[in-house]
S.K.: 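Got a structure for you, questions after.
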Amino acid sequence: MLYFTLHCPFLVDDLEGMKKAGINPKVACERMCRVFGYQIFQSGFVHADPHPGNLFVRKLPNNDIQLVLLDHGLYQYVEPQVQVGSSLE
């Protein structure tokens, strides 16, 4: 748990913590949207428990950010017809 605490300290709703660490919350939000958009509309395999306790943001050594998803016990398969019917295309 020490490794996790030191290297992944920001819950996705900790805006002030992210800002203090030099993480732009808007960039974190865009990354999260891309990740879940990919899961829903492309892979069809979706993390089905995405609450702030399961979503962390960490800053990488190259100053990029990484979204960290926890609790992989609940996934849902999205049928292709639902993927197409829900997309904006």
Side-chain angles (χ1 to χ4, degrees):
M1 192 56 143
L2 179 61
Y3 177 84
F4 181 80
T5 303
L6 291 175
H7 295 280
C8 206
F10 303 105
L11 294 168
V12 294
D13 63 351
D14 182 4
L15 301 179
E16 290 306 313
M18 283 192 273
K19 288 177 186 176
K20 287 178 185 175
I23 297 172
N24 184 336
K26 182 179 176 186
V27 173
C29 181
E30 290 169 351
R31 183 77 43 96
M32 188 169 39
C33 288
R34 281 198 311 273
V35 166
F36 282 96
Y38 174 83
Q39 289 180 12
I40 293 166
F41 299 113
Q42 292 182 336
S43 75
F45 194 60
V46 181
H47 186 291
D49 194 17
H51 59 80
N54 285 342
L55 299 169
F56 288 78
V57 177
R58 70 177 182 169
K59 192 170 187 177
L60 299 175
N62 66 0
N63 287 323
D64 195 7
I65 63 167
Q66 182 179 51
L67 183 64
V68 179
L69 304 175
L70 300 181
D71 191 2
H72 297 279
L74 185 60
Y75 274 79
Q76 181 66 42
Y77 177 70
V78 179
E79 299 289 336
Q81 63 269 25
V82 174
Q83 288 175 302
V84 172
S86 300
S87 71
L88 296 176
E89 295 180 5

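When a residue number appears, it is its place in the shown sequence, counting from 1.
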S.K.: Does anything in residues 31-43 pair up under salt bridge (Lys or Arg N to Asp or Glu O under 4.0 Å), and if so which pairs, sequence neighbours excluded?
M.R.: Arg31-Asp64
S.K.: Between Phe10 and Gly17, which heavy-atom pair has the shortest distance, and what is it?
M.R.: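 Where Phe10 meets Gly17 most closely, the heavy atoms are CE2-O, 3.1 Å.
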S.K.: Provide the closest heavy-atom pair for Met18 versus Leu11 in the form atom of the first, atom of the second, distance.
M.R.: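 So the minimum-distance heavy-atom pair works out to CE-O, 4.1 Å.
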S.K.: Does Ile40 share a hydrophobic cluster with Tyr77, counting links as ILVMFWY side-chain heavy atoms below 4.5 Å and allowing steps through other members?
M.R.: no
S.K.: Counting only heavy atoms not in Gln76 (residues, nucleotides, ligands), do more than 12 fall under 6.0 Å from its CD?
M.R.: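 At most 12 heavy atoms, drawn from other residues, nucleotides or ligands, come within 6.0 Å of this atom.
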S.K.: I'd like to check the salt bridge (charged side-chain N to carboxylate O under 4.0 Å, His left out) partners of Glu79; sequence neighbours left out, ordered by chain and number.
M.R.: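 Result, salt bridge (charged side-chain N to carboxylate O under 4.0 Å, His left out) vs Glu79: none returned.
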S.K.: Please name all residues satisfying ring-ring contact (aromatic ring centres under 6.0 Å, His included) with Tyr38, sequence neighbours left out, ordered by chain then number.
M.R.: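 ring-ring contact (aromatic ring centres under 6.0 Å, His included) check on Tyr38 returns nothing, list empty.
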S.K.: Find out if a path of hydrophobic residues (ILVMFWY) with successive side-chain heavy-atom gaps under 4.5 Å connects Phe36 to Val27.
M.R.: yes
S.K.: Could you measure the distance from the CE atom of Met32 to the CD1 atom of Ile65? Nearest 0.5 Å is fine.
M.R.: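 That separation rounds to 9.5 Å.
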S.K.: Give me each pair satisfying side chain to side chain donor-acceptor pair (under 3.5 Å) with a member in residues 40-56, each pair once, sequence neighbours excluded.
M.R.: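 Every pair satisfying side chain to side chain donor-acceptor pair (under 3.5 Å) with a residue in residues 40-56: Asp49-Asn54, His51-Asn54.
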S.K.: Do you reckon Ile23 sits in the same ILVMFWY cluster as Leu15, going by side-chain contacts under 4.5 Å, direct or chained?
M.R.: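 Cluster IDs for Ile23 and Leu15 match.
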S.K.: Which heavy atom in Val57 sits nearest to a heavy atom in Ala28, and how many Å separate them?
M.R.: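 What the structure gives for the nearest pair is CG2-CB, 4.0 Å.
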S.K.: Got a sec, which pairs hit side chain to side chain donor-acceptor pair (under 3.5 Å) with one end in residues 13-27, sequence neighbours left out?
M.R.: none
S.K.: Through direct or indirect side-chain contacts below 4.5 angstrom among Ile, Leu, Val, Met, Phe, Trp and Tyr, which residues connect to Tyr75?
M.R.: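 Traced through the cluster, Tyr75 reaches Phe45.
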